[in-house]
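In each ligand, atom 1 is the first atom listed, and ligand 1 is the first ligand listed. The residues of the chain are indexed from 1 along the displayed sequence.
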Amino acid sequence: MSLCLCAYAAPDPKLGVGRPVTEHYIAGWNIDVAPDGNNLPPGQGTVKGGEKVYQAACLGCHGAHLEGGMGPALAGGAGSLPTPKPLKAVGSYWPYATTLFDYVRRTMPFQQP
Ligand code: HEC
């Protein structure tokens, strides 16, 4: 869904400033996905399909094997958080695929979210 900036909406008639907030405007911003999957958009995917997306849009910064590069490592670190050498990665501190999806949709690729 594209973001509606509603730049040409009329100002609030009573105050003469601002603009009414429309459902369409709110819908463009209301895209957060809860851990239980609430608000996920319709869709589907496969590991193979995801691999192609990763190679095209993510590998340059996160490495061919998710080991990191300009961006942080995305794999590894399971069980490492309470150790002297914690590795914060998808496997160690992202407990839900749903919130991971939400983060990636909002922020990645880093240069073009
Ligand atoms: C131009 C470089 C770049 C590209 C391309 C890129 N990322 Fe990132 N990614 C980053 C950087 C930098 C961070 C750290 C951001 C921060 O800490 O604010 C990050 C963070 C992340 C994280 C969070 C990791 C963590 O441990 O919290 C995930 C997940 C992620 N990226 C997934 C992806 C996916 C999936 C793609 C492809 C669709 C992608 N990234 C493409 C640079 C990139």
Closest protein heavy atom (residue, atom, distance) for atom 24 (C) of ligand 1: Leu74 CD2, 3.8 Å
Taking atom OH as the centre, does Tyr96 end up with more than 12 heavy-atom neighbours from other residues, nucleotides or ligands that are less than 6.0 angstrom away? no
Taking atom 14 (C) of ligand 1 as the reference point, the nearest protein heavy atom with its distance: Pro72 CD, 3.6 Å
Taking the side chain from Asn39 and the backbone from Asn30, do they hold a donor-acceptor pair closer than 3.5 Å? yes
For atom 29 (C) of ligand 1, which protein heavy atom lies nearest, and how many Å away is it? Leu100 CD1, 3.6 Å
For the pair Ser92 (side chain) and Leu87 (backbone), establish whether a donor and an acceptor sit closer than 3.5 Å, ignoring hydrogens and angles. yes
Logged contact type for His62 with ligand 1, heavy-atom cut-off 4.0 Å, is side chain
Is atom 8 (Fe) of ligand 1 less than 2.8 Å from at least one N/O/S atom of Cys61? no
Restricting to N/O/S atoms, is Met108 within less than 2.8 Å of atom 8 (Fe) of ligand 1 or not? yes
Measure the distances from the heavy atoms of Ala57 to every atom of ligand 1 and state whether one is below 4.0 angstrom. yes
Does a side-chain heavy-atom distance below 4.5 Å link Phe110 with Cys58? no
Inter-residue atom distance Leu40.CG - Arg105.CZ, 0.5 Å rounding: 8.0 Å
What atoms of ligand 1 come within less than 4.0 Å of a heavy atom belonging to Lys88? 26 (O)
Main chain of Pro35, side chain of Thr99: is a donor-acceptor contact present, judged purely on distance under 3.5 Å? no
Looking only at protein heavy atoms, which one is nearest to atom 42 (C) of ligand 1, and what is the separation? Phe110 CB, 3.4 Å
Does Val104 share a hydrophobic cluster with Tyr54, counting links as ILVMFWY side-chain heavy atoms below 4.5 Å and allowing steps through other members? yes
Can you sort out which atoms of ligand 1 are near Tyr93, meaning under 4.0 Å from one of its heavy atoms? 25 (C), 26 (O), 27 (O)
Does the protein place any heavy atom closer than 4.0 Å to atom 26 (O) of ligand 1? yes
Tell me if a side-chain donor or acceptor on His62 pairs with a main-chain N or O of Pro72 at a distance below 3.5 Å. yes
State the OG1-CG distance between Thr98 and Asp32, to the nearest 0.5 angstrom. 11.0 Å
Check whether Leu66 and Met70 end up in the same hydrophobic cluster, where Ile, Leu, Val, Met, Phe, Trp and Tyr are linked by side-chain heavy atoms less than 4.5 Å apart. yes
With a 4.0 Å cut-off on heavy atoms, is Tyr54 touching ligand 1? no
Near Pro109, which atoms of ligand 1 are under 4.0 Å from a heavy atom of that residue? 5 (C), 6 (C), 41 (C)
N/O to N/O below 3.5 Å, does that happen between Trp94 and ligand 1? yes
Please list the nearest protein heavy atom to atom 16 (C) of ligand 1 with its residue and the distance rounded to 0.1 Å. Tyr103 OH, 4.2 Å
Can you sort out which atoms of ligand 1 are near Met70, meaning under 4.0 Å from one of its heavy atoms? 2 (C)
Return the residue, atom name and 0.1 Å-rounded distance of the protein heavy atom closest to atom 36 (C) of ligand 1. Cys58 SG, 2.7 Å
